[in-house]
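Throughout, numbering of the chain's residues begins at 1 and tracks the sequence.
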Amino acid sequence: TASAGASFSAANADEAAIEALARKSIEVLPRGKWPTLYDDFTAEFQARCPKEEFVQAGITAAQEQGANLTKLGFVRLDQVSIAGTTATAVITGEVQGVLEYQVNAAFQNVDGAWKLAPAADTQGCQAFNRP
C-alpha cells in the first residue's frame, strides 16, 4: 500500500496508526510529555538510545526551541509508503506563525502495533532526519 501527496488522508487502520504516531512525535515535546514517546519506539531504537539519553535529548530540544516550544505543531504526512511491516513518511510540522519544517520518519509493525523506528542514516538518539 502506498499513498503520497500533501492531501494524505488515512485510508485504513495502518495508515491511521502511522499518522497518530507522527502527530504524537511532534506534540509530546511542547506538552512536556517527551518521555512518554519512548515506549512508542522499536526495540532497535531503544537498544541504541537508552531512556535516560532519550529524555535528555528531549530536554535539550525543548530548551533549543525556547519561546517557540509552545508553537510546535503537527501539520500533515507526505510521501507515506507502507511495505509489509515497515513504512516511511515525511512528517511536516510547524512553528506556528513562523515556518513549516519536514523530517523523514520510519515506522515498523511489531506484533500487530505500529512503532516509530529509526529513520535511515540516523544514529544514537536521533530518530528522524531532514529530507
Side-chain angles (χ1 to χ4, degrees):
T1 307
S3 300
S7 61
F8 172 79
S9 179
N12 58 48
D14 287 335
E15 291 178 355
I18 289 167
E19 186 173 35
L21 273 174
R23 178 180 297 278
K24 184 177 180 182
S25 75
I26 291 179
E27 293 180 348
V28 293
L29 194 61
R31 292 180 181 162
K33 302 290 186 186
W34 176 256
T36 67
L37 191 62
Y38 191 74
D39 291 335
D40 290 311
F41 279 95
T42 61
E44 174 191 358
F45 178 81
Q46 291 177 355
R48 74 181 205 188
C49 178
K51 188 165 187 176
E52 303 76 39
E53 289 179 30
F54 180 82
V55 171
Q56 187 55 52
I59 291 168
T60 300
Q63 290 170 341
E64 288 171 357
Q65 289 298 319
N68 286 334
L69 180 62
T70 59
K71 298 177 185 177
L72 290 179
F74 174 82
V75 176
R76 68 181 177 275
L77 278 185
D78 295 309
Q79 301 172 33
V80 177
S81 176
I82 301 173
T85 60
T86 62
T88 58
V90 174
I91 301 170
T92 299
E94 70 176 337
V95 177
Q96 294 169 6
V98 182
L99 62 93
E100 283 191 359
Y101 64 91
Q102 294 184 324
V103 294
N104 292 320
F107 307 86
Q108 184 175 351
N109 191 305
V110 179
D111 298 327
W114 284 96
K115 299 275 189 175
L116 290 161
D121 302 321
T122 60
Q123 57 188 1
C125 287
Q126 180 187 14
F128 309 102
N129 63 33
R130 300 249 177 207

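- Contact detail for Gly32 and Pro35: the closest heavy-atom pair is O-CD, 4.4 Å.
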Donor-acceptor list for residues 105-116 side chains, cut-off 3.5 Å, not counting sequence neighbours:
from, atom 1, to, atom 2, distance (Å)
Asn109, OD1, Gly112, N, 3.0
Asn109, OD1, Ala113, N, 3.3
Trp114, NE1, Asp14, OD1, 2.8
Lys115, NZ, Asp39, O, 2.7

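- Ser9 and Glu15 get closest at one heavy-atom pair: O-OE1, 3.8 Å.
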Identify all side-chain donor-acceptor contacts of residues 120-129 below 3.5 Å with residues at least two apart in sequence or on another chain.
from, atom 1, to, atom 2, distance (Å)
Thr122, OG1, Arg48, NH2, 2.7
Thr122, OG1, Ala119, O, 2.6
Thr122, OG1, Gln126, O, 3.4
Gln126, NE2, Phe128, O, 3.2
Asn129, OD1, Asn104, ND2, 2.9
Asn129, ND2, Ala120, O, 2.4

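- To the nearest 0.5 Å, atoms CG (Leu21) and CG (Leu37) are separated by 8.0 Å.
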If you look only at distance, which donor and acceptor atoms sit under 3.5 Å apart when one is on a side chain in residues 58-75 and the other is two or more places apart or in another chain?
from, atom 1, to, atom 2, distance (Å)
Thr60, OG1, Gln56, O, 3.0
Thr60, OG1, Gln56, NE2, 3.4

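- Under the rule for a salt bridge (charged side-chain N to carboxylate O under 4.0 Å, His left out), the partners of Asp40 that lie at least two apart in sequence or sit in another chain are Lys24.
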May I have the list of side-chain donor-acceptor pairs in residues 82-93 shorter than 3.5 Å, sequence neighbours left out?
from, atom 1, to, atom 2, distance (Å)
Thr86, OG1, Ala83, O, 3.2
Thr92, OG1, Asp78, OD2, 3.1
Thr92, OG1, Gln102, NE2, 3.1

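- Sorted by first and then second residue, the pairs that involve residues 23-48 and meet ring-ring contact (aromatic ring centres under 6.0 Å, His included), not counting sequence neighbours, are Trp34-Phe54, Tyr38-Phe54, Phe41-Phe45, Phe41-Phe54.
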